[in-house]
Amino acid sequence: MSNRVKPKWEGGAVHPDSPNKVFCTAPWTHTYISPQSERRMCCASREEHQFQKQYIDASNDESTGLFKESGTIADYQPVTLREHWNSKYMRDIRLKLLAGEKIPQCDVCNDSILSQSTYRQWFTGFLFQDKIDQCYEETDDDGYTTMDPISFDYRVSNLCNFKCRMCGEQLSSAWETEKRQNNHWTPESQPFMVPENKQIIEKFQKEVVEEEFWEAIKSGTVEEIYWVGGEPLMYDIHWKSMDRLSEDNNLHKVHLRYNSNLSRVRYGKYYLYDWLPQAKDWTMCASIDGIGKIGEFIRTGLDWEQWDQNFREGVALPGGNDKMLMDLTLTGPGLFGLRDFVNYALELDVKIETKNMFAFHADIVFSFMSWPRHILDRIVNSLLNDLRPIITPKQQTVIHQLEAILNTPTFAEQFPDTHEDQFFNGRQWQKTIAEIRDDGAPGEALTVQEIYKEDEELYNWYTRTDPKHNSR
Amino acid sequence: MHTLDLHGTRHHAVDSKVENFVLMNQSEVPLTIICGNSQKMIDLVNAVLNRIECENVVMDRYGVIVIREL
């Protein structure tokens, strides 16, 4: 018998005395695939890429010792869900989690890297706590399980109409377009963008991935769908599946979770909000990182007025102000709009789900982690002073995340030898993007430095020159 | 050549259909969109192509829009 240590969960959290604090139900219930056919345990797991590295991959982070470049089309060896589900790799992971062994793939949850509320809590404490025993019972000594995935995060393509500044071409076709137009890509760095490769990937995603998902939809066994992309509300398969679930009267079995830019809630004859109340439960994490002009700057493609209207229509649904969430990614420029952002949430009495911008490299200067410690602490403390008195439990994640920033190493602290060079590289990239996206309207185009003018010390630091980097 | 034929498509569905078609097939330009003789349909298509900043768009035959370059 393999080593097994059962976890103890209570009230949605792992018990402090639990002998197994790392167990997660995801490898027994949930499955994820990226637009480039990379399968993962979940979207937060840090694994190694086969063909196209994903932003959060362990193989995209030099500190893990697993860093490697993206492969070539010869490395594109996608597997079906059936092949993946009880593969040697998955069986090995299951055995380790059953034994309470901490695995590096789960570091995002182990160390609360992106958010204080972890995905492990979601799957194990909330969604499938009732299946913990089943996971232990229906897994044999080599990790094989008879349980089938009932929760899907299938990102069938990178189709998205936004070019959010913290995103990229792998998850946004609009970013892809911009990179093509400006020759900001190479077949080596982005093999998925090579036209011939794209056709191969698209064929697999369409004929295998969408089909296996469609089979699950038709079977009526699906208990959770995480609709995310790309932009899920642009996916044909989204509207087709929801229509089918509704027709089969299966929506009431399904917990729906969206992460959408909410640029559209209608698609032909369909209206998203007709379906949501039919679901077992639903959550709309509507991505928004600033309201008004700052939001439109961070999330290129956003029409604030349209978003506001779409969001309010969702809030008006039964329970809408508990189920419509403002999904906030904290960025440097975004911190300057945070007070208005929180006030908007207070006005609508909605929750804010807060996470930090992903930043494992010091050239990500859009992140506040690029700022000097003393400036970062001053600005964050000022926000905390202003927001703590007005915030309700629904916006508490903002406070938690701001507090966590004070204890997170800045780039200068993480990369003392390289951060300065990387800062200038990153700032040059921001400048390039600003030039591309400047629509020429006088006074209209925001830039990072325009936003930072609000804080003189930060502005002076951000716009500084350095003899070594004068040309940038 | 990739072609989207909008015959039979309702006006309210044009926006998403055209945007998805262009973004999904961007590596395969030129792309053809058949609008038919309806000026309204042509205007709707052009509005999307302008919004997503297609750079080289022509209509050599009335009602047939070709995106030569994104």
Side-chain angles (χ1 to χ4, degrees), chain A residues 35 156-163 169 171-183 185 187 190-202 205-206 229-239 263-272 300-301 303 306 436-440, chain B:
Chain A
V156 297
S157 74
N158 68 345
L159 181 63
C160 181
N161 51 344
F162 279 20
K163 292 179 283 193
E169 59 281 6
L171 294 175
S172 160
S173 52
W175 255 108
E176 185 186 343
T177 305
E178 186 172 272
K179 289 220 165 177
R180 279 186 201 285
Q181 287 172 335
N182 296 283
N183 294 317
W185 72 287
Q190 302 297 14
F192 83 92
M193 282 175 61
V194 175
E196 299 75 27
N197 299 353
K198 258 189 95 93
Q199 282 182 5
I200 295 168
I201 297 166
E202 203 175 299
Q205 294 289 100
K206 194 94 198 154
E231 169 45 47
L233 299 183
M234 293 180 79
Y235 288 165
D236 290 333
I237 188 75
H238 164 266
W239 302 94
S263 59
R264 59 171 70 145
V265 290
R266 295 176 188 276
Y267 191 78
K269 65 181 180 183
Y270 301 124
Y271 179 46
L272 177 69
T300 306
D303 175 339
Q306 182 66 60
I436 291 169
R437 297 186 186 178
D438 182 358
D439 60 6
Chain B
M1 188 187 293
H2 281 274
T3 301
L4 173 66
D5 188 342
L6 291 174
H7 282 108
T9 302
R10 308 282 290 258
H11 286 165
H12 66 250
V14 169
D15 192 286
S16 52
K17 213 164 185 176
V18 170
E19 185 167 20
N20 292 14
F21 170 71
V22 174
L23 290 176
M24 283 303 291
N25 295 292
Q26 57 181 279
S27 64
E28 305 294 318
V29 286
L31 306 173
T32 300
I33 301 174
I34 299 171
C35 306
N37 292 326
S38 156
Q39 186 59 46
K40 170 81 175 165
M41 189 67 97
I42 293 168
D43 291 345
L44 288 170
V45 171
N46 276 326
V48 179
L49 300 182
N50 284 335
R51 188 178 72 230
I52 61 177
E53 297 172 346
C54 294
E55 289 189 347
N56 187 341
V57 178
V58 296
M59 189 165 71
D60 292 332
R61 271 172 53 209
Y62 188 76
V64 179
I65 293 174
V66 178
I67 301 144
R68 289 183 176 156
E69 194 183 346
L70 279 168

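Computed over heavy atoms, backbone and side chain alike; hydrogens, waters and symmetry mates excluded. Lettering of chains follows the sequences in order, A, B, ..., and the numbering in each one begins at 1.
Side chain of A:Arg180 to main chain of A:Met193: a donor-acceptor pair is present (N/O by atom type, distance under 3.5 Å, no hydrogens or angles). Side-chain atoms of A:Arg266 do not come within 3.5 Å of backbone N or O of B:Ala13 as any donor-acceptor pair.
Note: B:Asn20 leads B:Asn20, B:Val22, B:Thr9 in heavy-atom pairs under 4.5 Å with chain A. Between chain A and the residues B:His11, B:Glu28, B:Glu69, the most heavy-atom pairs under 4.5 angstrom are made by B:Glu28.
Looking at A:Ser157, only its side chain comes within 4.5 Å of chain B, counting heavy atoms on both sides. Heavy-atom distances place the side chain of A:Glu202, and not its backbone, under 4.5 Å from chain B. The parts of A:Glu176 that come within reach of chain B are both its backbone and its side chain, each placing non-hydrogen atoms under 4.5 angstrom from that chain. Of the atoms belonging to B:Glu53, heavy atoms from both backbone and side chain fall under 4.5 Å from chain A.
Considering every non-hydrogen atom in both A:Leu233 and A:Tyr267, the closest pair reads O-CD1, 4.2 Å.
Looking at A:Ser263 and A:Asp303, their side chains never bring a donor and an acceptor atom within 3.5 Å of each other. A donor-acceptor contact closer than 3.5 angstrom links the side chains of B:Gln39 and B:Asp43.
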